[in-house]
Structures are given as structure tokens and as C-alpha cells.
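Since this is a predicted model, take the numbers as computed values, not measurements. Every number for a ligand or one of its atoms is a count from 1 in the order of the listing. For this chain, numbers begin at 1 and follow the sequence in order.
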Amino acid sequence: MQRFANKTAVVTGAGRGIGQEIAKALAAEGAKVAVVSRSESSCGKAAEEINALYPGSATAYAVDVADHAAVQELAKKIGDELGTVNILVNNAGVTRDGLLMRMKEEDWDTVLDTNLKGAFNTVKGFMRVLMKAEDPRIINIASVIGLIGNAGQANYSASKAGLIGYTKAVARELSGRKVTCNAVAPGFITTDMTDELPEAVRAEVLKKIPLGDFGKTDDISAAVLFLASPAARYITGQVLAVDGGMTM
Ligand SMILES: NC(=O)c1ccc[n+]([C@@H]2O[C@H](COP(=O)([O-])OP(=O)(O)OC[C@H]3O[C@@H](n4cnc5c(N)ncnc54)[C@H](OP(=O)(O)O)[C@@H]3O)[C@@H](O)[C@H]2O)c1
């Protein structure tokens, strides 16, 4: 199926993990994709891997999504180089876990600046081009932790809960221009981010997943591609949990 022929997508945090999988899946279905991540080497490698499968589909852009001015410049550059943008996926995210007693101010700021302000920065940068594009979509990658909270992740929980509120506000503000904005809330997905967790924590989480298994990156890309597709034209301001039943 080529649901995204003639569409252009920007995926942040696409250097690896969930973002790389989303970028790859969009390219597989015909999209031109801007593969955005923090480091040149990571987005460069991801774009190279995608182009090896779908030649000419991916272009790498290194930017820190927390840097407002840099993101505005990036938006202009992508507009000039790729033309229109139909789909913006705000996936870049980080964790700096720790109990509040020990959490440093910089741990709070880094997580909020990347996970929440990053999505403000990109929407500011791309909203004008999205408003003029065909089937315009914004998809924010939140987390089940933004719905239920988690001890040791006050900064991350706040950033993802904030992203969910932001999703609904953006959906309302841009609805007049037919730009939809939805969030996907992954549960526990196997990536570098979750590989860092101790085995005991992983075993505890597994007990709370009714479907009895961790998720895979393509479980998330499948949901994102649905929301990005023309079939989802009448869905906006929603949060789709993809979590094996964790938060039902
Ligand atoms: N894995 C899970 O279980 C899970 C669950 C719920 C939600 N999520 C969310 O899903 C998203 C992706 O998670 P993941 O597990 O795939 O993470 P990951 O493997 O750690 O990859 C994160 C990606 O984000 C990029 N990134 C981080 N900070 C950035 C910044 N300031 N500017 C630009 N790019 C930045 C990284 O760039 P570099 O490659 O250059 O370092 C990397 O490509 C995150 O928003 C995360 O919160 C994940």
C-alpha cells in the first residue's frame, strides 16, 4: 500500500528507536521523509538505512528540538529543500529519571525543554506550511506515563501530560484549517530508552501488561501511520494508547 505517495513528513527523534521506525514506515509507503535527530551521525545513519531500502526517500537534518531559533531555521530549510510538509511527527524525547528528592533542576529542564517545548518549537516552525498542505497532520508521541504518572519520572510524566494537553489545544486551534493533531501514547516499547532499565524493573512492568509482552517499534509506527493517513481525517485531539492494555 502507498498511502503517502506525494506526501512529505518530518519525524523528530528519528535517529533510532521508534522515530526511525516511523520514518522508515512512512518511506515504505511512498513519503519523502525529513529524518531529524540531535546528532548528525545518528540522523545521517538512519537516513542512509532508509534510503538503502527506499532510494531517495530520506534526508537527514541534525537539530536540537529544544532550541527554538534552530528549529525555526530548520523549518525554513526543509520547506526550501523538500517543498511542502503534510505530516509532522513530534517523537524526540528523553528521560532523566530520579526521585524528586534527588532530581536536579537541569534534569527537569532538559526533559521539559525536549519533550514539551520541542513540540511547541516544531509546530511554530511548520504550522504555516501545514495549513496549506493536503491532508495535514500533527502526531505527538506522548507516553502512558503522561496518563498515569510514575514514581521516579516526575519530569517525564509532566512533559508527556503537558504534551497531551498541548495536543488538544493545537487540535482546536488548527481545526479550522483542517490540520488534525493527535497523540499516540506508547506503553513499554523495546528501544535504547527502555534497554537502560534494570532487569528487575522490566520484570515488574511486564506483570502490568495484560497482553503479556513488551511492545515493538512497529506497533507504534502502525498507529502513527493510521493517524497520518487520509482514513483518519475525522479524528482530532485524541490520545491513542498503544500499550498492550496497560492503561485500560
Ligand atoms: N521506548 C518506550 O518504551 C517509550 C514509551 C513511551 C513513550 N516513548 C516515547 O517515544 C519517543 C521515542 O522513544 P525511543 O524509545 O525511540 O527513544 P530513543 O531510542 O532514546 O531515541 C530518541 C531519539 O530522539 C532524539 N532526540 C533526543 N533528544 C533530542 C533533541 N533534543 N533534539 C532532537 N532529537 C532528539 C535522539 O537523537 P540522537 O539519536 O541524535 O541521540 C534519538 O534519535 C520518545 O518521545 C519517548 O518518550 C517511548
Query raised in the report: Can a salt bridge be assigned to the pair Lys208 and Glu204 using a cut-off of 4.0 Å between side-chain N and carboxylate O?
Result: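 Salt bridge: no.
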
Query raised in the report: Do NZ/NE/NH1/NH2 and the carboxylate oxygens of Glu199 and Arg202 come within less than 4.0 Å?
Result: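 Yes, charged N to carboxylate O under 4.0 Å.
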
Query raised in the report: Under a 4.0 Å heavy-atom cut-off, which residues neighbour ligand 1?
Result: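 Within 4.0 Å of ligand 1, protein side: Gly13, Gly15, Arg16, Gly17, Ile18, Ser37, Arg38, Ser39, Ser42, Val63, Asp64, Val65, Asn91, Ala92, Gly93, Val94, Thr114, Ile141, Ala142, Ser143, Tyr156, Lys160, Pro186, Gly187, Phe188, Ile189, Thr191, Asp192, Met193, Thr194.
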
Query - Side chains of Met246 and Val205 in contact at under 4.5 Å (non-hydrogen atoms) - result: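 The answer is yes; the side chains approach within 4.5 Å.
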
Query raised in the report: Is there side-chain contact between Cys43 and Val35, with heavy atoms separated by less than 4.5 Å?
Result: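 The answer is yes, as the side chains (C-beta and beyond) meet within the 4.5 Å cut-off.
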
Query raised in the report: Do you see a donor-acceptor pair shorter than 3.5 Å between the side chains of Asn90 and Asn140?
Result: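 Asn90 vs Asn140: donor-acceptor pair found between side chains.
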
Query raised in the report: Which residue pairs pass the side chain to side chain donor-acceptor pair (under 3.5 Å) test when at least one of the two sits in residues 23-33, sequence neighbours left out?
Result: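 Listed once each, the pairs are Arg3-Glu29.
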
